[in-house]
Amino acid sequence: MKMELTISTDAIDEAALAKRREMGDGMGAVICFLGVVRGSEGDAPITAIDYEAHEQMARHQFGLIFDAIEKRWPVESVRLIHRIGVVPVNEPSLWVEVVAPHRPEAFDACQFLIDEMKKKVPIWKKPLSV
Amino acid sequence: MKMELTISTDAIDEAALAKRREMGDGMGAVICFLGVVRGSEGDAPITAIDYEAHEQMARHQFGLIFDAIEKRWPVESVRLIHRIGVVPVNEPSLWVEVVAPHRPEAFDACQFLIDEMKKKVPIWKKPLSV
Amino acid sequence: MIIAVQFWSYFADFAGCKKTEIEIENGTTLAKLHERVCEQFPKLAEAKNSTLKAVGVNYQDDDFVLSDGDEVSFFPPVQGG
Amino acid sequence: MIIAVQFWSYFADFAGCKKTEIEIENGTTLAKLHERVCEQFPKLAEAKNSTLKAVGVNYQDDDFVLSDGDEVSFFPPVQGG
């Protein structure tokens, strides 16, 4: 399984990511998920979220999750970008792509990846307001 | 709920679609699904699939599915493109995007949409080989 | 009255045409029309149990009563995606 | 021996620092170190039950025995995405 992980303060460029995709002839399903910063946390309006990562550990934990996916589903590739630092409202903090032969495993692997990330990958949010 | 449906012989331009996305401040999840033509049908290698649609009925049936989504989930927008005519191997025939406040409803609505499409929308495939 | 009938996907190959017209009596149901079609196009009879039936843009049940001007479609299981 | 300890997210605010060093005896477990940390930084004691603990890049259980050179992280529930 091809794996690509980026943890960076750069904005996520969906169009560029789509162009760089390479997939084999046997692959029939691509799923992309974007997690986008919403304009409120709880009831309070915010302008951005400041993401902090324990980067070295985050990379390791993402790697463990990718390995678990590779064991469980016939996924050809996973690409994941988590933006850190200040991410303004309406911009994505997370981009995940899973390429697989069929839709069910693409959906299952993508949801598994995000669920596991939310349990294990050491990244935290601090909401910012004006 | 905003709905955008395209049934066309034009190639699907993901980058352009991503750029045209508009989403409200309360939206935190975007899911895009691509269905891509694979290099074989059953055991036989193919070069493309020729998609035929009963277009008027397909539009109506997609509309019924979109209405069902709107009633069931707080989805802000659904965009769907089904390419028809000859779609070469490795190119997408289907692109679906769902924008919602949170991930669970985005995933559920997207899977519901594709499941219902595969039951009800009158589009058929004819595999082509050299 | 005359009903316009369309065949889609490989049903058009089975029937040897994409469209035809069939004359029916008032009160004819979709099931009855389907039987008439199967008599006229024997290869469609072989696929009878997996046939989907629509009137205009909507699926309809066997007991749907046809009216003048209805356009009926017969087709195999759909395969979008 | 000396253990490097890091606090992440609002645990750094609770502790008033992002990093510290704590001297422990051989055989000290992660749970024991956590208790020491909670004594030294009382606000962290309040969050004790929801604290996640890692040594290096891996989560470890309370009975993990620390070794010289270990880097220990304490942090609140993660929130990636």
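Being a predicted model, the structure only gives us computed values, none of them experimental.
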Q: Go through the structure and list residues passing salt bridge (charged side-chain N to carboxylate O under 4.0 Å, His left out) with A:K2, not counting sequence neighbours.
A: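 Counting only residues at least two positions away or on another chain, A:K2 forms no salt bridge (charged side-chain N to carboxylate O under 4.0 Å, His left out).
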(Q) Under a 4.5 Å cutoff for heavy-atom pairs, which residue among B:G28, B:P45, B:G35 has the most contacts with chain A? (A)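 Highest number of pairs under 4.5 Å: B:G28.
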Q: Could you have a look at B:G39, B:G24, B:C32, B:A29 and say which one has the most heavy-atom pairs with chain A under 4.5 angstrom?
A: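 Of B:G39, B:G24, B:C32, B:A29, B:C32 has the most heavy-atom pairs under 4.5 Å with chain A.
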**Q.** Contact residues of residues 61-83 of chain B (partner chain A; heavy-atom separation under 4.5 angstrom)
**A.**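 The list, in residue order, is empty: none.
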Q.
A quick test of your reading: do over 12 heavy atoms of other residues, nucleotides or ligands sit less than 6.0 Å from NZ of A:K118?
A.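 Yes, enclosed.
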**Q.** Spatial distance of atom CG (B:D25) from atom OG (A:S40) [nearest 0.5 Å]
**A.**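 One finds 8.5 Å between CG of B:D25 and OG of A:S40.
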Q. In residues 12-21 of chain A, which residues are in contact with chain B at a heavy-atom separation under 4.5 Å?
A.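 Checking residues 12-21 of chain A against chain B gives A:E14, A:A15, A:A18, A:K19, A:R21.
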**Q.** Contacts of residues 84-114 of chain A with chain B (heavy atom under 4.5 Å)
**A.**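 Contacts with chain B: A:V89, A:N90, A:P101, A:H102, A:R103, A:F107, A:C110, A:Q111, A:I114.
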Q | Atom group of B:M27 that falls short of 4.5 Å from chain A, counting heavy atoms | A |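 Interface part for B:M27: backbone (N, CA, C, O).
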